[in-house]
Amino acid sequence: MDPAEMRRLGHWVVDQVVDHFERRADGPAITAGDADELKQALGGSLPLQPGDPLEAMRTLTEVALTHMQHGDHPRFFARVPGPSSFAGVLGEWLGTGFNAIAASWGGGSGPATVELVAVDWLREALGLPEGTEGVLVSGGSMANITAIAAARAHAGPGVAYLSDQTHSSIGRGLSALGFAPTDIHALQSDENLRLPVSDLQSAIVEDRRQGRQPRFVIATAGTTNTGAVDPLPELADLCAQEGLWLHVDGAYGAPAALCARGREVLAGLEHVDSLVLDPHKWLFQPYDVGCLFVRPGVLSAAFRMDPEYLVDVMASRGEVDMRNRTLELTRRSRALKLWLTFRTYGTTAIAAAIERGIELAEIAQQLIADDDRFTLVTPAQLGIVTFALAGADQAAHRTAAARLAQDGYAAVTATTLKDTPVLRLCTINPQTTEADLRGTLERLADPELTRARST
Ligand SMILES: *Cc1c(COP(=O)(O)O)cnc(C)c1O
């Protein structure tokens with residue numbers, strides 16, 4: 001392509017994205033697709049001859065990018081929203097445009113430094129001890145598996161404890177890492193859906209009696225279901241006493257430690273051996289980026305890889321090769337967007353945006369408590385509140401959520417907590433208004449207010 005053409009097409013992309021930022025609240029929060037229709041619009045035979053890139057980009061924008069959940073929509077309350085910031089988008093674009101690589105020091109000292117700096121800014125903002133090492137991966141699933149693989153290389157094989165509220169990707173990850181079923185010990189959560197410390201203590205004793213080797217406690221800081229935080233200070237004490245590794249999955253909730261209210265709820269985070277969080281959830285980053293923090297030295301002890309052909313021709317003086325902190329070698333620079341986000345907004349504004357998400361769930365809780373068509377099930381915790389439709393069964397909850405999604409006005413999750421059917425709002429988008437919450441609750445209580453969209 002000649003430069004004039006590149007500019008014309010590139011500027012078109014920028015306009016589409018800024019239009020999306022300006023107008024996303026007017027469109028649907030989610031659009032499901034019909035497999036045949038989508039294949040019709042996006043498929044066809046293998047393109048042998050050149051085509052018009054603008055026309056193809058129009059198809060992508062109008063078909064592919066409309067049929068999905070819009071995690072950045074102010075009324076997308078389902079799963080975990082992704083309210084990504086424009087600074088994050090800009091950082092992503094720059095890295096892609098320059099094909100930035102963050103594998104070795106010699107091959108990418110600039111991006112490597114950006115990653116070391118951004119990760120250390122994040123460490124400081126979270127209140128983790130100096131020297132804690134971090135690295136960026138694709139998301140929480142990979143961050144958890146990477147941290148646990150490193151922990152096991154350090155501590156040796158043994159039993160990992162978790163709860164029925166632990167994210168399901170962790171059980172899958174443990175199996176993939178080769179943990180035997182008897183070494184994956186899931187405990188029933190307590191009435192607040194937290195990991196019960198006394199049951200954990202008994203389980204450790206019992207496992208030892210059976211000749212097993214207790215090794216890892218996998219706690220959650222902000223469960224995806226309810227935002228519950230496992231008792232981190234008690235777990236840290238227990239792990240120190242018993243010589244166990246404390247891994248904390250904060251993929252959803254840990255970013256809340258940037259603000260004062262979250263820091264209170266997440267007390268104890270500074271005592272963990274490894275921690276995972278997802279900047280593509282509550283740190284306003286576009287997909288994908290997950291982050292793990294581990295005690296110094298443990299990552300590179302597990303993952304160091306220095307074959308002859310990777311040795312840098314330009315001598316390095318002990319600088320960090322990012323490849324030695326993860327299982328990836330060639331890796332894009334996910335840090336550029338995070339670094340640019342910190343530099344653009346500053347942590348004070350980012351913390352305020354996170355705190356707003358905590359408040360919005362509390363506002364929703366109040367609206368729910370004041371309305372006898374609803375029953376509050378779990379209180380607002382780290383931006384998540386769950387509630388039931390009075391007198392309705394599971395099917396009715398699912399229907400209410402499905403109608404709302406079909407209407408497009410908003411998206412909420414219908415799920416169950418220990419067999420109780422609930423609706424769940426996750427309110428981490430700081431652009432959500434109180435009117436958005438009211439409108440969503442009204443439509444859930446009164447199905448007549450929703451209508452099926454014509455597609
Ligand atoms: C989202 C989430 C994960 C998985 O993270 P991905 O980025 O989707 O891979 C793991 N744990 C918790 C608590 C989560 O909320």
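Note that ligands are numbered from 1 as they come in the structure, with each ligand's atoms numbered from 1 the same way. Just so you know, residue 1 is the first one in the sequence shown, and it goes up from there.
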With no hydrogens and no angle check, just 3.5 Å: does a side-chain donor-acceptor pair link Arg194 and Ser189?
no
Only residue of Leu65, Thr59, Thr61 satisfying side chain to side chain contact (heavy atoms under 4.5 Å, CB included) with Val63 is Thr59
For ligand 1, list every N/O pair with the protein closer than 3.5 Å, one pair per line with the distance.
unit_1   : atom_1 : unit_2 : atom_2 : d
ligand 1 : 5 (O)  : Gly140 : N      : 3.3
ligand 1 : 5 (O)  : Ser141 : N      : 3.4
ligand 1 : 5 (O)  : Asp278 : OD2    : 3.2
ligand 1 : 7 (O)  : Gly140 : N      : 2.8
ligand 1 : 7 (O)  : Asp278 : OD2    : 2.6
ligand 1 : 7 (O)  : His280 : NE2    : 2.9
ligand 1 : 9 (O)  : Gly140 : N      : 3.3
ligand 1 : 9 (O)  : Ser141 : N      : 2.8
ligand 1 : 9 (O)  : Ser141 : OG     : 2.6
ligand 1 : 11 (N) : Asp249 : OD1    : 3.3
ligand 1 : 11 (N) : Asp249 : OD2    : 2.6
ligand 1 : 15 (O) : Thr224 : OG1    : 2.9
ligand 1 : 15 (O) : Lys281 : NZ     : 2.8

To the nearest 0.5 Å, what is the distance between CG on Leu162 and CD1 on Ile170?
7.0 Å
Is it true that Glu270 and Arg123 have a side-chain N and a carboxylate O under 4.0 angstrom from each other?
no
Classify the ring geometry between Tyr252 and Trp282 as parallel (under 30°), tilted (30 to 60°) or perpendicular (over 60°).
parallel
For the pair Arg261 and Glu264, find out whether any cationic side-chain nitrogen is under 4.0 Å from an anionic carboxylate oxygen.
no
